[in-house]
Structure formats: structure tokens, C-alpha cells
Peer 1: 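One structure coming up, written as C-alpha cells, with questions to follow.
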Amino acid sequence: MKTDISTLKQEHKQIMERLQQHRLALMAGEIGQAAEILANLREEQEAHMALEETELLPRLNSDARWAEKVYLAEHRKLRQLLDRNLSELNSLPVQIHNKVLVLDLLERGILFKHVLEHHFEREEMALFMEIHP
Ligand SMILES: [Fe+2]
Ligand SMILES: [Fe+2]
């Protein structure tokens, strides 16, 4: 199967846009909505990563800039962070008005955002360029 790199890049954009929607919902104290968006993002992320893991990573050469294990470790980290954030949200009321808690939740989510941005950057500058048809 030939993997369409432009589709994968498009998915990166969609995932970042969904994360932005999630953060906006959090900012508004709409925890139920924020959790629902994050659960959808989780589904998209799983499908995206599964494709990379089955179609792309096995085709990485030994002289690749970053080895397969680097990408796999980041996938693991992203799954872990997302699941942690999602279960925190699921333990809260669907709507909150406590601004301090809202700020705290946004801060707790920032590590996932940073790892995700960094990971997409790495894939677009290396993995996606190093895959041979
Ligand atoms: Fe990835
Ligand atoms: Fe990706």
C-alpha cells in the first residue's frame, strides 16, 4: 500500500485544530465538551499512529535521522499524556466556574501540546521525507 504523506500532514493539521477547540472549551469551563473533543482527538490520533506504525516506520532506513524507537517512544508518551488528561477531565463536573481550576487544567494539558507539536515537527522534517515509495 502506498502511503499518502499529504494526507498524514493534513491529519496533523486536523489534530492540532481539534486540540485548539479542546483548549477553547476548557477555557470556557465547559469540561464535558472539552472531554468529548479530547476523546475524538484520541480516536483520530490512534488511527493516525497505527498507520504510521504499520506503514511508515517499518520502511525507515538504518541511516534515518531518528530511529523507529524514537517515534514509538513519542507515540507511547502521547497516548499516556492524553489518557491522563482525559481521565482527569472525566472526574470533574461537566461545567466549572472556578477560574483557578480552569488555569490549572490548561497548564496540565500543555505538556501534551508540546510533545505533540515537537513530534509532528520531527515527522515532517525527517520521517515523511525519508520514506521511499
Ligand atoms: Fe506519529
Ligand atoms: Fe504523525
Peer 1: Show your reasoning for whether side-chain contact (heavy atoms from CB on, under 4.5 Å) applies to His118 and Glu74.
Peer 2: CA-CA 9 Å; His118 191 74; Glu74 285 180 344; 3.9 Å; yes
Peer 1: Atom CG of Leu78 and atom CG of Asp83: how far apart are they, to the nearest 0.5 Å?
Peer 2: 10.5 Å
Peer 1: In terms of ring plane angle, is the pair His12 and Phe128 parallel, tilted or perpendicular, where the classes change at 30° and 60°?
Peer 2: parallel
Peer 1: Hey, is CE on Met27 packed in by over 12 heavy atoms from elsewhere, all under 6.0 Å?
Peer 2: no
Peer 1: Let's go through Glu130 and Trp66 carefully: what are the C-alpha distance in whole Å and the side-chain angles of both, what is the deciding distance for side-chain contact (heavy atoms from CB on, under 4.5 Å) to 0.1 Å, and is it a yes or a no?
Peer 2: CA-CA 10 Å; Glu130 292 167 336; Trp66 287 288; over 6 Å; no
Peer 1: With a 4.5 Å cut-off on side-chain heavy-atom distances among I, L, V, M, F, W and Y, is there a chain of contacts connecting Leu56 to Met49?
Peer 2: no
Peer 1: Check whether more than 12 heavy atoms from other residues, nucleotides or ligands sit under 6.0 Å from atom CD of Gln21, and answer yes or no.
Peer 2: yes
Peer 1: Is there side-chain contact between Asp104 and Val100, with heavy atoms separated by less than 4.5 Å?
Peer 2: no
Peer 1: Is Leu72 reachable from Leu116 through a run of hydrophobic residues whose side-chain heavy atoms are each under 4.5 Å from the next?
Peer 2: no
Peer 1: Judged by atom type as modelled, is there a donor-acceptor pair below 3.5 Å linking the side chain of Glu11 to the main-chain atoms of Glu44?
Peer 2: no
Peer 1: Could you grab the distance from atom CD1 of Ile131 to atom CG of Asn61, nearest 0.5 Å is fine?
Peer 2: 8.0 Å
Peer 1: State, with a plain yes or no, whether a side-chain heavy atom of Arg23 is found less than 4.5 Å away from one of Ile110.
Peer 2: yes
Peer 1: Honestly curious: do Leu41 and Met16 fall in one hydrophobic cluster under the side-chain, below-4.5 Å linking rule?
Peer 2: yes
Peer 1: Could you tell me the separation between the NZ atom of Lys9 and the CD atom of Glu124, rounded to the nearest 0.5 Å?
Peer 2: 5.5 Å
Peer 1: Listed by chain and number, what are the ring pair (Phe, Tyr, Trp, His ring centres under 6.0 Å) partners of Tyr71, not counting sequence neighbours?
Peer 2: none
Peer 1: Rounded at 0.5 Å granularity, tell me how far OG1 in Thr7 sits from NE2 in His48.
Peer 2: 10.5 Å
Peer 1: Applying the 4.5 Å side-chain criterion to the ILVMFWY set and letting contacts propagate, would Leu86 and Leu101 be lumped into a single cluster?
Peer 2: yes
Peer 1: If two hydrophobic side chains count as joined below 4.5 Å and joins carry through other members, does Ile37 share a cluster with Val102?
Peer 2: no
Peer 1: Pick out which of Glu117, Glu121, Glu123 makes a side-chain hydrogen bond (donor to acceptor under 3.5 Å, both in side chains) with His119.
Peer 2: Glu123
Peer 1: Start with the C-alpha distance between His75 and Glu52, add both sets of side-chain angles, then the distance that settles side-chain contact (heavy atoms from CB on, under 4.5 Å), and finish with yes or no.
Peer 2: CA-CA 10 Å; His75 283 186; Glu52 289 173 344; 3.0 Å; yes
Peer 1: Does Arg79 pair with Glu53 as a salt bridge, N-O distance under 4.0 Å?
Peer 2: yes
Peer 1: To the nearest 0.5 Å, what is the distance between CD on Glu55 and CG on Asp4?
Peer 2: 12.0 Å
Peer 1: Quick one: CG on Leu89 to CZ on Arg84, what's the gap to the nearest 0.5 Å?
Peer 2: 11.0 Å
